[in-house]
Amino acid sequence: MVDIPEGYGPDDELDPEAADPLYLQLAAVLISRIESGVYPLGRAVPGVDRLMQEFGLARGTARKTLVLPAELGYVRTVVGKGSFVIEREAQDEPADTPKDQEADG
């Protein structure tokens with residue numbers, strides 16, 4: 001899985017000269033919009049055509065962008081309907097510290 005770059009806000013513009021590829025920049029912006037409530041639970045995020053228009057992207061780049069929020073559990077894609085914001089499940093905690101371990105003494 002690809003790591004989403006940090007430091008992108010919901011209103012950030014894409015920078016073709018940046019080290020991060022455009023699809024990663026846009027995925028970070030979309031996730032930021034979800035986390036900040038711009039796209040609330042149950043709402044559809046922009047589709048491929050909308051992303052192409054809004055950000056001036058090629059179709060392949062827009063498609064690639066939408067895969068990442070789904071892989072990370074931010075959206076659920078329904079074929080023919082779009083991608084919708086879902087409640088993200090809690091991330092697994094590291095297994096090296098048992099929760100029920102009693103203190104010595």
Side-chain angles (χ1 to χ4, degrees):
M1 186 179 311
V2 177
D3 288 329
I4 300 295
E6 295 182 14
Y8 288 90
D11 297 322
D12 283 354
E13 295 184 16
L14 306 186
D15 180 3
E17 302 299 319
D20 296 316
L22 290 174
Y23 79 97
L24 287 179
Q25 292 179 50
L26 183 52
V29 169
L30 290 178
I31 288 170
S32 178
R33 288 179 179 182
I34 291 168
E35 289 177 341
S36 68
V38 173
Y39 303 137
L41 286 176
R43 180 172 174 193
V45 296
V48 171
D49 290 337
R50 174 68 185 206
L51 294 176
M52 290 172 57
Q53 290 174 355
E54 184 176 347
F55 294 96
L57 299 173
R59 182 169 295 279
T61 303
R63 281 188 179 156
K64 196 172 185 179
T65 295
L66 290 173
V67 170
L68 296 172
E71 285 181 353
L72 294 172
Y74 286 94
V75 299
R76 179 175 56 91
T77 301
V78 179
V79 177
K81 302 269 186 195
S83 297
F84 299 86
V85 177
I86 59 173
E87 188 164 348
R88 194 161 182 240
E89 293 182 18
Q91 299 298 311
D92 293 335
E93 293 184 24
D96 60 349
T97 344
K99 292 179 185 177
D100 58 349
Q101 185 178 20
E102 293 183 26
D104 290 60

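Position 1 is the first residue of the sequence, and the numbers go up from there.
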Taken to the nearest 0.5 Å, the spacing of Leu57 CG from Gln25 CD works out to 9.5 Å
- Side chains of Leu30 and Tyr74: does their closest heavy-atom pair fall under 4.5 Å? no
Interatomic distance, CD1@Ile31 vs CD@Glu6, rounded to 0.5 Å, equals 11.0 Å
Shared hydrophobic cluster for Ile34 and Val38 (ILVMFWY, side-chain gaps under 4.5 Å) | yes
Heavy-atom closest pair (Asp12 atom, Gly7 atom, distance to 0.1 Å) is OD2-O, 3.7 Å
On a heavy-atom basis, the closest approach of Thr61 and Leu22 is CG2-CB, 4.3 Å
So if you build clusters from Ile, Leu, Val, Met, Phe, Trp, Tyr with side-chain heavy-atom gaps below 4.5 Å, do Phe84 and Leu72 land together? no
All heavy atoms of Pro40 vs all of Val85, minimum pair found to be O-CB, 3.4 Å
Rounded to the nearest 0.5 angstrom, the CZ-CD distance for Arg88 and Glu35 is 7.0 Å
Closest non-hydrogen atoms of Pro5 and Ala28, given as atom of the first, atom of the second and distance, are O-CB, 3.5 Å
Taken to the nearest 0.5 Å, the spacing of Ser36 OG from Asp11 CG works out to 8.0 Å
Any side-chain heavy atom of Leu24 sitting closer than 4.5 Å to one from Leu68? yes
Report task. Quick one: do Phe55 and Thr65 satisfy side-chain contact (heavy atoms from CB on, under 4.5 Å)? Show the steps, please. Result -> CA-CA 12 Å; Phe55 294 96; Thr65 295; over 6 Å; no
Quiz item: With the 4.5 Å side-chain cut-off for hydrophobic clustering, are Tyr39 and Val48 part of the same group?
Solution: yes
Interatomic distance, CD@Glu54 vs CD@Glu13, rounded to 0.5 Å, equals 10.0 Å
- prompt: Between Leu26 and Met52, is there a shared hydrophobic cluster once you connect ILVMFWY residues whose side-chain heavy atoms come closer than 4.5 Å?
  reply: yes
**Shared hydrophobic cluster, Tyr23 / Val67 (ILVMFWY, side-chain heavy atoms < 4.5 Å)** = no
All heavy atoms of Gly73 vs all of Ile86, minimum pair found to be O-CG1, 3.6 Å
For Arg59, the salt bridge (charged side-chain N to carboxylate O under 4.0 Å, His left out) test, sequence neighbours excluded, returns Asp49
